[in-house]
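So the structure is just underneath, and the comments pick up after that.
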Amino acid sequence: MPELPEVETTRRLLARRLAGGRVAGVSVRCGALRTPVDAEIAARLPGARVLGVGRRGKFLVIETDRGGVISHLGMSGRWSFVPDGCAPGKHDHIDLHLDGGELLRYHDPRRFGAFLWGGESPSEHPSLARLGPEPWGEGGAEEIGDHLWSAARRRSAPLRNLLLDGEVVAGVGNIYANEAAHRAGIRPQRSAGKISRVRYRALAAALEAVLAEAIERGGTTLRDYADPEGNEGGFGDRCLVYGREGEPCRGCGKRVERIVLSARSAFFCPRCQR
DNA sequence: CAACGGACCTGCCTGC
DNA sequence: TGCAGGCAGGTCCGTT
């Protein structure tokens, strides 16, 4: 489900409502996420004051005066603010009891998410330490474009796969990888190592633009994503290729095609993308 | 190294 | 109506 824009939308709401408050308690009803919920969390988090909420790629980092907690939403994870006493439903695995008497509840049907203790320096946690740069840097699209181009040397895998590799660039998932390739006029199946530096710069600019627009609209809801206040993302109808197999390209009218790369769908317009 | 398939889970949609 | 099969926003591991 959630890629960078959905995670960033979640981060902003969590930051707004958690910062400065305390976590009074933690209830873990089902700790069997993709990696088991860290026991350290229930031991250390109660009583902690929240300093802020950060994000690295698709990972959220709740920073407290006792250390950081890392949350990943996997494919179907979601945090929601609910009133205290609200009965947990199916797949409501974790509750954080907030000092204002509210609950922050984690729901995740597929249980591909993660909830990990990040300690004093969460950025050194194994799940964050090896992540590539965020898709935009201080040097702008040119710098990220050059970085992608360097990372692509001697790589024959499809461009779409390069973009999904979190060690190359953090936070890009299947929707936005496909959308960025479309905007840049590059086919997702093109061998990453055979694309010019100039085209990588255009791709990086497209990536930055599509992510910024998606964040502005609160992300994309394909089926079940919602932010912590229950709002769905509004970017879905801005997608130009993702999920649009057989529908006309909004640029040229040619039918959008779907292919499978490494067992995951990729979408492109055969006329606009080469 | 890089690339690929499979594993981890549940739910929803389609077609028979 | 039921059931099988395919598909889904993401990582991580083992094998070639």
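Below, chain A is the first sequence line, B the second, and so on; all start at residue 1. FYI, side chains are in, hydrogens and waters are out, and symmetry mates aren't considered; it's all heavy atoms of this structure.
Look at A/Lys58 and you won't find any side-chain N or O under 4.0 angstrom from OP1 or OP2 of C/dG9. Close to B/dC4, at under 4.0 Å from its OP1 or OP2, lies a side-chain N or O of A/Ser262. In this structure, A/Lys90 does not reach the B/dT10 phosphate: none of its side-chain N or O atoms is under 4.0 Å from OP1 or OP2. Checking the phosphate oxygens (OP1, OP2) of B/dC9, no side-chain nitrogen or oxygen of A/His91 falls inside 4.0 Å. OP1 or OP2 of C/dA8 sits under 4.0 Å from a side-chain N or O of A/Ser265.
One can place CD of A/Glu245 at 12 Å from C1' of C/dC7, the figure rounded to the nearest angstrom. Between A/Arg111 atom CZ and B/dG11 atom P the separation is 10 Å, expressed in whole Å. Rounded to whole angstrom, the span from the CZ atom of A/Arg78 across to the P atom of B/dG11 amounts to 15 Å. With rounding to whole Å, A/Arg110 atom CZ is found 11 Å from B/dC9 atom P. Separating the CD atom of A/Glu8 from the C1' atom of C/dG9 is a distance of 17 Å, rounded to the nearest angstrom. Spacing between atom CG of A/Asp108 and atom P of B/dT10 amounts to 11 Å, rounded to whole angstrom units. Residue A/Arg264 contributes atom CZ, which lies 5 Å from atom P of C/dG10 at whole-angstrom precision. Protein atom CG of A/Asp165 is 11 Å distant from nucleotide atom P of C/dC12, rounded to whole Å.
With sequence neighbours excluded, no residue forms a side-chain hydrogen bond (donor to acceptor under 3.5 Å, both in side chains) with A/His91.
Of the candidate nucleotides C/dA8, C/dG9, C/dC12, C/dC12 has the atom nearest to the side chain of A/Ser127.
As judged by a 4.0 angstrom heavy-atom cut-off over every strand, A/Ser156 is placed among residues touching the sugar-phosphate backbone only. Counting non-hydrogen atoms under 4.0 angstrom, A/Ala157 reaches the backbone sugars and phosphates but no base. A/Arg258 comes within 4.0 angstrom of the backbone, heavy atoms only, and of no base. Among the protein residues, A/Arg34 comes within range of the nucleic acid bases, having at least one heavy atom under 4.0 Å from a base atom.
When each of A/Arg155 and A/Arg223 is assigned the nucleotide of DNA chain B with its nearest heavy atom, A/Arg155 is the one assigned upstream, toward the 5' end. Summary of the strand contacts: A/Ala32 and A/Asn161 both lie near DNA chain B, and taking for each the nucleotide with the nearest heavy atom, the more 5' one is attributed to A/Asn161.
Counting only Watson-Crick or G-U wobble pairs whose defining distances are both under 3.5 Å, the stems of 3 or more consecutive pairs in DNA chain B are B:2-8 with C:10-16, B:10-16 with C:2-8.
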> Does the pair A/Glu8 and A/Arg12 meet the rule for a salt bridge (Lys or Arg N to Asp or Glu O under 4.0 Å), with working shown?
Replying inline: CA-CA 6 Å; A/Glu8 175 61 18; A/Arg12 290 179 181 184; 2.8 Å; yes
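We find the OG-NE2 distance between A/Ser80 and A/His107 to be 8.0 Å, quoted to the nearest 0.5 Å. One finds the NE2 atom of A/His125 at 11.5 Å from the CG atom of A/Leu131 (value rounded to the nearest 0.5 Å). In this structure, the separation between CD on A/Glu40 and CG on A/Leu116 is 11.5 Å, given to the nearest 0.5 Å.
Ring orientation note: the planes of A/His72 and A/Phe59 are nearly perpendicular, at an angle over 60° on the 30°/60° scale.
As rounded to the nearest Å, C/dC3 and B/dC9 have P atoms that lie 24 Å from one another.
Using modelled atom types, one finds no donor on one side chain facing an acceptor on the other under 3.5 Å when comparing A/Asn161 with A/Arg264.
Between A/Phe112 and C/dT11, no base-stacking contact is recorded for ring centres under 5.5 Å apart and planes less than 30° from parallel.
Taking the charged nitrogens against the carboxylate oxygens, A/Asp165 and A/Arg155 do have a contact shorter than 4.0 Å, which makes a salt bridge.
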